[in-house]
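Below, chains carry the letters A, B, ... as their sequence lines are ordered, and counting in each starts from 1.
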Amino acid sequence: MSGSTDDKLRLATVWLGGCSGCHMSFLDLDEKLFGLAERVDVVFGPLTDVKVFPEDVDLTLVEGAVANEDNLELAHQLRANSRVVVSFGDCAVTGNVTSLRNRLGEPDELLQRVYGDAPDLAGQVPRSVVPALLPTVQPLHEVIPIDVYLPGCPPSAERIGRALELLLDALEAGEGLPDLTGRGPDDLRFG
Amino acid sequence: MSPREPRATVPVTIDGQEVDAVEGETILSLARRVGVPIPTLCYLDGLSVHGGCRLCSVEVDGDPRLRLACATPVWQDMDIRTSTWDLQEHRRRIIELLFAEGNHICATCVSSGACELQDLAATNRVDHIHYELSYADEGVDASHPKYVLDRDRCVKCTRCVRVCAEVEGASVWEIAERGGGSRLVAEMDVPWGEASSCTWCGKCVLVCPTGALSFKGRGVGEMRHDAEVVAFLSRARNEGEWVNRTDEEVPS
Ligand code: SF4
Ligand code: SF4
Ligand code: FES
């Protein structure tokens, strides 16, 4: 394990179209976060105040499906700047709850139904400032190549902890990525 | 009942292990007896064999086709392989297609935590779906006073069709249409609540492997099925053994 900031691995976490539950579960690592802080620098994520996805990131956990234009742009950016991308949680892996809208029709119809036709919103449909919705919500791997999948809604802190440890071990040793699928049903489950 | 003659045995090899199989038994029955796990979905002890899901496919030496373990009787000197990499991949593709064909959002499902499809994905190492998801929208039939049918979680295993016809004798269910357009229908495609042949026995709900059939009013992760009830009933009927199940064996 390295002591100086310079040779620590650079970790990013990204919040796309999800409920933030995967990040909450990540925070449930509790005291293990101290150990993690000794091994990585968190260079981007909802827990930092960095606005632009940085370069040369070693490991990026991506929560959430690709639901709007901002999600799509950030997905491409993070892929270009990360060595290893983890599709983190069911929304990233399958679309999950975020994709429930896929069966409800075009975004315009949907916005009209939710905002335009709502009795107390005076027909206001949000169209400026907020990013435009994509025609359908997509799992992350339909948009960018993924290295590792970590399903679960959310994946438990234990599962996240075990996966991170294996991934960081491999990255520090300069080895190939570990196969997380062979670690038994507890480490690999939708829902 | 007259005592049965012990049946003849035949030598068989399963995953390199030499065992005595009972003549006429299926590969699946042999495998279960000797403790070799083979995944199944449509097969259920106590019901007729459907052979539809193909998850139980195995390789038999010298046979170019995959064989269904649930539907293929053993033969002398049969050499069976149950978990080659090809078979594992084959099973993963089937499981992924089932996810892609329906609309499986486990996080919002009554059966999450006790679902055979969810378990199959986990035990067969499915970590994502390679196929484009269809986000099917067949809708929910909640017309029955006690039960709910969500067709988007149905894997068309036909366990409900068979248990209703073969055990309850009511024949409410049928699969209509074919291929991707096939769907579970009550009687002549009426809302379940209007199916006068339904006795409200609940057996179809108990044997459903997924969240497609559930008791009304169950929330996310609250549904517990009890597919073993069919084996219990068939033992009771066919062998006259009314063996009481322990409380642990009956899901609440
Ligand atoms: S039926 Fe099973 S696989 Fe489908 S959503 Fe429910 S728990 Fe998940
Ligand atoms: S409740 Fe009983 S009778 Fe009614 S459809 Fe289900 S199995 Fe058939
Ligand atoms: S269990 Fe054999 S085909 Fe379904």
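Taking the side chain as every heavy atom from C-beta outward, B:Asp127 and A:Val93 never approach each other to under 4.5 Å. Side-chain contact between A:Arg103 and B:Asn103 is present, with at least one heavy-atom pair separated by less than 4.5 Å. Considering only heavy atoms from C-beta on, A:Phe190 comes within 4.5 Å of B:Val126 through its side chain.
Scanning residues 123-147 of chain A against chain B with a 4.5 Å non-hydrogen threshold yields A:Val137, A:Pro139, A:His141, A:Glu142, sorted by number.
Annotation for A:Tyr115: atom OH does not count as buried by contact number, only 12 or fewer foreign heavy atoms lying within 6.0 Å.
With chain B as the partner, the residue from A:Asp90, A:Val148, A:Thr181 showing the most heavy-atom pairs under 4.5 Å is A:Thr181.
When all heavy atoms are compared, the tightest approach of B:Ser112 to A:Gly191 is OG-CA, 4.3 Å. When all heavy atoms are compared, the tightest approach of B:Tyr135 to A:Ser99 is CE2-OG, 3.3 Å. A pairwise comparison of heavy atoms in B:Ile105 and A:Leu100 identifies CD1-CD2, 3.6 Å as the closest pair. When all heavy atoms of A:Asn96 and B:Ala107 are compared, the pair lying nearest together is OD1-CB, 3.8 Å.
Contact annotation for A:Asp179: only side-chain heavy atoms (C-beta onward) come within less than 4.5 Å of a heavy atom of chain B. With a threshold of 4.5 angstrom between heavy atoms, B:Asp119 approaches chain A through its backbone and through its side chain.
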